[in-house]
Amino acid sequence: MSRTTPPRPLDVEALFPELANYRGTTTRLHPRPGRPEVTASSVGGPLLWPATEPWPVCTEPHSHARGRSPADIHRQRKIRAAAWLREPNPGPTDEERQLLEELGKEHRVQEAAATDPLPLIGLAQLYRRDVPDLPAGPDDCDLLQVFWCPFDAHGPSGHGMLLDLRWRRSWEVTDVQTSPPQPQVVGYEGYVPEPCVLHPEQVTTYPFAGLLPEDLCARIDAWEEAMEEEAEQAADESTAPTAGYQYDLSIPPGWRVGGFASWHTTDPSPMNCATCAIPMHLLLTIDSTEWDGGSGSWKPLEDQDLPTYQSARPTQLTVGRWGELNIFACPEAPRHPHRWSIQ
Ligand SMILES: [Zn+2]
Ligand SMILES: [Zn+2]
């Protein structure tokens, strides 16, 4: 089943015609729980990785001797999901509560595994044929594979995340690695994805308001304020217009490729390539939720009847404080080091 974004609550270009100059596209990936094939684009699915090539490992030394088992995390999620769907008494039973507590415990791995290089988690793979806004890879590469380390233990702060993105030519992989190494324990359950199939859909998008010309941004702000006032004064709330530039009209929530980054948590910061100094483009957004109360207008038509708790977190990943991770790439040289920002 495909996924369709509902029409926007209003035509923002009719209100601000000059926005047409800044119009872009982004591809919503619409991950949904499933059993992706190794030859499909996916989140948390099997990756098309050559059997003869070493699996990516964490390149920064940090302790990974203690943490939670990925198998426990998957099982805990299954029990919770089933318990909350149970009628007439949703929620875990006493017996389930006990089991959930047991599954939530940390484990210590044996000596060797604690000092060996840590295998990264294969997070996602995207084929260009499936994702209209995925830029061309270097040297005809058609497949982007995304890995991350399941510990917050990197960079100058010692608490940052570590990502590794690889481009490859899918047609060259004949012998696929069928049992890739996996971390025995993880530092945080939000790094462990549930397998999801993707339903890419290209939609229109506009830049974050703070990055538009000052005059245009000020007029959008004024329009939103006027609309809020009108909504407050309206006797019947159901007829009051309720659409905001940030949450309904510009940047969709959820996993997506290309388009514009949102800077709603921090002020916009320039993302220039560390190698050639040119401005980087948004490559991929990894989001903790596909929509929430504030961005509910983006909930696909096919999912309208699903309750939010069941459908808005298909990957079960959590980035930052229930936020999103924006990964930027050099538009000239896709292999230049990526940069990222958490919002
Ligand atoms: Zn690491
Ligand atoms: Zn560059």
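Start at 1 with the first residue, then count along the sequence. Owing to the predicted nature of the structure, the values given are computational and were not obtained by experimental measurement. Remember, it's 1-based here, ligands and their atoms both numbered in the order they're listed.
With 3.5 Å as the limit, one finds no donor-acceptor pair spanning the side chains of S2 and E201. With 3.5 Å as the limit, one finds no donor-acceptor pair spanning the side chains of R32 and S311. D72 and H107 share a side-chain donor-acceptor pair at under 3.5 Å.
The side chain to side chain donor-acceptor pair (under 3.5 Å) contacts involving residues 46-60 comprise E53-R168, where partners must be two or more places apart or lie in separate chains. Residue pairs that meet the salt bridge (Lys or Arg N to Asp or Glu O under 4.0 Å) test with at least one member in residues 261-271, sequence neighbours left out, do not exist here.
When the options D164, L165, L48 are evaluated for a side-chain contact (heavy atoms from CB on, under 4.5 Å) with Q145, the one that passes is L48. Tested against R28, the residues T285, T205, T5 include a single side-chain hydrogen bond (donor to acceptor under 3.5 Å, both in side chains) partner, T5.
With a 6.0 Å radius and a threshold of 12 heavy atoms from other residues, nucleotides or ligands, R75 has its CZ atom at or below the threshold.
Taking 4.5 Å as the limit, some side-chain heavy atom of P31 sits within range of a side-chain heavy atom of L198.
Under 2.8 Å from the Zn ion (ligand 2), one finds the following protein N/O/S atoms: C273 SG, C276 SG, C330 SG, H336 ND1. Shown here are the protein N/O/S atoms lying under 2.8 Å from the Zn ion (ligand 1), water excluded: C58 SG, H62 NE2, C149 SG, H154 NE2.
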